[in-house]
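Given the structure is predicted, the values throughout are model-derived calculations rather than measurements.
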Amino acid sequence: MIKHSEALGYRCVVFNNRGVAGENLLTPRTYCAANTEDLETVIQHVNTLYPEAPLMAAGVSMGGMLLLNYLGKTGRQTPLQGAAVFSAGWEVFESATLLEKPLNWILFNYYLTTCLQASIMRHRSVLEKQFNIDYVMKAKSIREFDTRFTSVMFGYPTNDHYYTDASPCHRVKSIEIPVLCLNAVDDVFSPGHAIPVESAKQNPNVALVLTAYGGHIGFLEGIWPRQQTYMDRIFKQFVQAIFEHGSELSSM
């Protein structure tokens with residue numbers, strides 16, 4: 001996306017969550033799909049630096065969930081003119097349940113859980129002041145990890161409360177800027193039956209594009225897919241539409 005955007009002449013900013021990309025945690029707090037404070041801070045900071053520049057955002061997977069939750073919370077009170085979201089998990093309970101199927105647990109869930117645990121271990125000296133890290137490291141699934149760590153960190157009474165708050169499907173009706181959402185029905189991280197098609201139909205600001213295949217952030221095309229993907233193509237088209245015809249889209 002950065003490469004395509006720069007080729008079109010647009011400047012790009014990458015938002016990295018706390019404690020990733022080689023950065024050390026300064027406080028015992030990481031990130032989650034429901035808490036949008038850091039994202040809001042970054043967007044406001046960029047807008048302050050370049051107040052005359054039109055802004056749009058793109059989010060992929062959990063980044064897409066975070067962006068959707070931000071847009072649902074802010075409504076019109078955002079400097080963004082539009083947003084693009086790819087392979088977001090719309091309903092976290094359904095995503096977690098599907099990932100706990102035996103084959104999916106072997107292929108995806110266990111590996112991702114160990115990745116989350118590794119990120120905790122990198123910052124153990126800061127986090128162990130408030131959390132039982134050994135208990136967190138015994139989690140065998142993403143749901144167990146979230147129950148023992150994420151939901152606790154962000155002050156939720158239970159993990160169910162966190163999963164409800166993290167599910168963007170509940171905020172579709174509150175989005176008030178043009179948003180393009182691309183999902184594949186065969187995405188193991190976002191089951192097709194949990195995609196909020198009816199809610200999207202009722203909000204003229206939301207364009208929901210569904211493909212039969214494409215998996216999670218795949219969307220490969222052709223017999224020998226070595227060039228750009230379907231996701232790349234519609235991203236470029238949508239970015240150009242927002243920056244060159246944003247006022248027309250907003251007034252539709």
Side-chain angles (χ1 to χ4, degrees), residues 13-46 57 59-70 72-74 85 87-168 170-171 188-190 216-217:
V13 175
V14 176
F15 164 58
N16 288 311
N17 283 302
R18 297 183 187 215
V20 303
E23 294 296 321
N24 293 322
L25 283 180
L26 302 180
T27 59
R29 170 169 157 165
T30 56
Y31 59 90
C32 73
N35 189 287
T36 61
E37 293 172 0
D38 288 353
L39 176 60
E40 185 171 352
T41 299
V42 170
I43 292 172
Q44 294 297 340
H45 177 66
V46 174
V60 179
S61 192
M62 198 198 85
M65 296 168 65
L66 191 66
L67 180 54
L68 287 167
N69 284 327
Y70 161 79
K73 292 176 182 178
T74 56
V85 173
S87 296
W90 287 96
E91 215 286 354
V92 183
F93 290 102
E94 295 295 333
S95 298
T97 299
L98 186 57
L99 284 168
E100 287 163 359
K101 300 288 185 183
L103 182 58
N104 292 336
W105 182 85
I106 294 170
L107 293 175
F108 308 110
N109 200 328
Y110 182 72
Y111 170 73
L112 290 173
T113 302
T114 61
C115 290
L116 291 168
Q117 291 168 328
S119 69
I120 298 303
M121 288 300 294
R122 283 199 299 272
H123 306 290
R124 179 166 188 152
S125 60
V126 176
L127 295 172
E128 65 184 357
K129 300 170 186 176
Q130 294 189 12
F131 301 94
N132 184 342
I133 302 300
D134 290 335
Y135 181 57
V136 174
M137 294 302 294
K138 293 177 182 177
K140 300 299 182 186
S141 68
I142 296 173
R143 194 195 302 258
E144 286 187 2
F145 177 88
D146 288 334
T147 300
R148 300 177 183 193
F149 182 77
T150 313
S151 61
V152 178
M153 169 170 284
F154 288 93
Y156 290 97
T158 67
N159 193 56
D160 284 359
H161 285 84
Y162 164 52
Y163 276 11
T164 299
D165 197 31
S167 299
H170 303 303
R171 296 193 171 96
V188 71
F189 290 88
S190 187
H216 191 66
I217 328 172

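- You'll find the side chain of Gln130 reaches within 4.5 Å of the side chain of Pro28, heavy atoms only.
- For the residue pair Ala88 and Val85, the shortest heavy atom distance occurs at CB-CG1, 3.6 Å.
- Residue Ser141 holds its OG atom at 13.0 Å from CG of Asn104, rounded to the nearest 0.5 Å.
- Taking the side chain to side chain donor-acceptor pair (under 3.5 Å) definition, one finds that Thr36 meets it with nothing, sequence neighbours left out.
- Residues satisfying the ring pair (Phe, Tyr, Trp, His ring centres under 6.0 Å) criterion with Phe108, sequence neighbours excluded, are Phe189.
- For the atom pair Phe15 CZ and Thr41 OG1, the distance stands at 8.5 Å (nearest 0.5 Å).
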Requested in this report: Apply the test side-chain hydrogen bond (donor to acceptor under 3.5 Å, both in side chains) to residues Asp146 and Tyr163: give CA-CA distance (whole Å), side-chain angles for both, the deciding distance (0.1 Å), then the verdict.
Outcome: CA-CA 9 Å; Asp146 288 334; Tyr163 276 11; 2.7 Å; yes

**Report entry** Steps toward salt bridge (charged side-chain N to carboxylate O under 4.0 Å, His left out) verdict (Arg148, Asp134)
**Finding:** CA-CA 10 Å; Arg148 300 177 183 193; Asp134 290 335; over 6 Å; no

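- With sequence neighbours left out, the salt bridge (charged side-chain N to carboxylate O under 4.0 Å, His left out) criterion links Glu100 to Arg143.
- For Glu37 against Arg29, the heavy-atom pair with the smallest separation is OE1-NH2, 3.0 Å.
- For Tyr162 and Phe154, the ring centers are positioned 6.0 Å apart or more.
- To the nearest 0.5 Å, atoms NE2 (His123) and CD1 (Ile133) are separated by 11.0 Å.
- Expressed to the nearest 0.5 Å, how far OG1 of Thr27 lies from CG of Leu25 amounts to 6.5 Å.
- Asp160 pairs by the side chain to side chain donor-acceptor pair (under 3.5 Å) definition with nothing, not counting sequence neighbours.
- Here the closest heavy-atom approach between residue Asn17 and residue Leu66 is recorded as OD1-CD2, 4.3 Å.
- Panel note: side chain Asn159, backbone Ser151; no donor-acceptor pair is recorded below 3.5 Å.
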For residues 109-122, run the donor-acceptor check on the side chains, cut-off 3.5 Å, and write out each pair with its distance to 0.1 Å, sequence neighbours left out.
residue : atom : partner : partner atom : Å
Asn109  : OD1  : Thr113  : OG1          : 3.3
Asn109  : OD1  : Ile142  : N            : 2.9
Asn109  : ND2  : Leu99   : O            : 3.1
Thr113  : OG1  : Asn109  : O            : 2.8
Thr113  : OG1  : Ile142  : N            : 3.0
Thr114  : OG1  : Tyr111  : O            : 2.5
Gln117  : NE2  : Val136  : O            : 3.1
Gln117  : NE2  : Met137  : O            : 3.0
Gln117  : NE2  : Ala139  : O            : 3.0
Ser119  : OG   : Leu116  : O            : 2.5

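- Not one N or O on the side chain of Ser190 forms a donor-acceptor pair closer than 3.5 Å with the backbone of Ser87.
- Nearest approach of Ala33 to Met65, heavy atoms of both residues: CB-CE, 3.9 Å.
- With values rounded to the nearest 0.5 angstrom, Arg18 atom CZ is found 4.0 Å from Asp38 atom CG.
- A distance of 12.5 Å separates NE2 in His170 from CG in Leu68, rounded to the nearest 0.5 Å.
- Applying the side chain to side chain donor-acceptor pair (under 3.5 Å) rule to Ser95 yields no partners; only residues at least two apart in sequence or on another chain are considered.
- Proximity of Met153 to Leu127: side-chain heavy atoms (C-beta onward) are separated by under 4.5 Å at one or more points.
- Nearest heavy-atom pair, Pro168 versus Asn69, reported as atom, atom and distance to 0.1 Å: CA-OD1, 3.4 Å.
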Query raised in the report: Passes side-chain hydrogen bond (donor to acceptor under 3.5 Å, both in side chains), His161 versus Thr164? Steps please.
Result: CA-CA 5 Å; His161 285 84; Thr164 299; over 6 Å; no

Report task. Apply side-chain hydrogen bond (donor to acceptor under 3.5 Å, both in side chains) to the pair Ser61 and His216, showing each step before the final yes or no. Result -> CA-CA 8 Å; Ser61 192; His216 191 66; 2.9 Å; yes

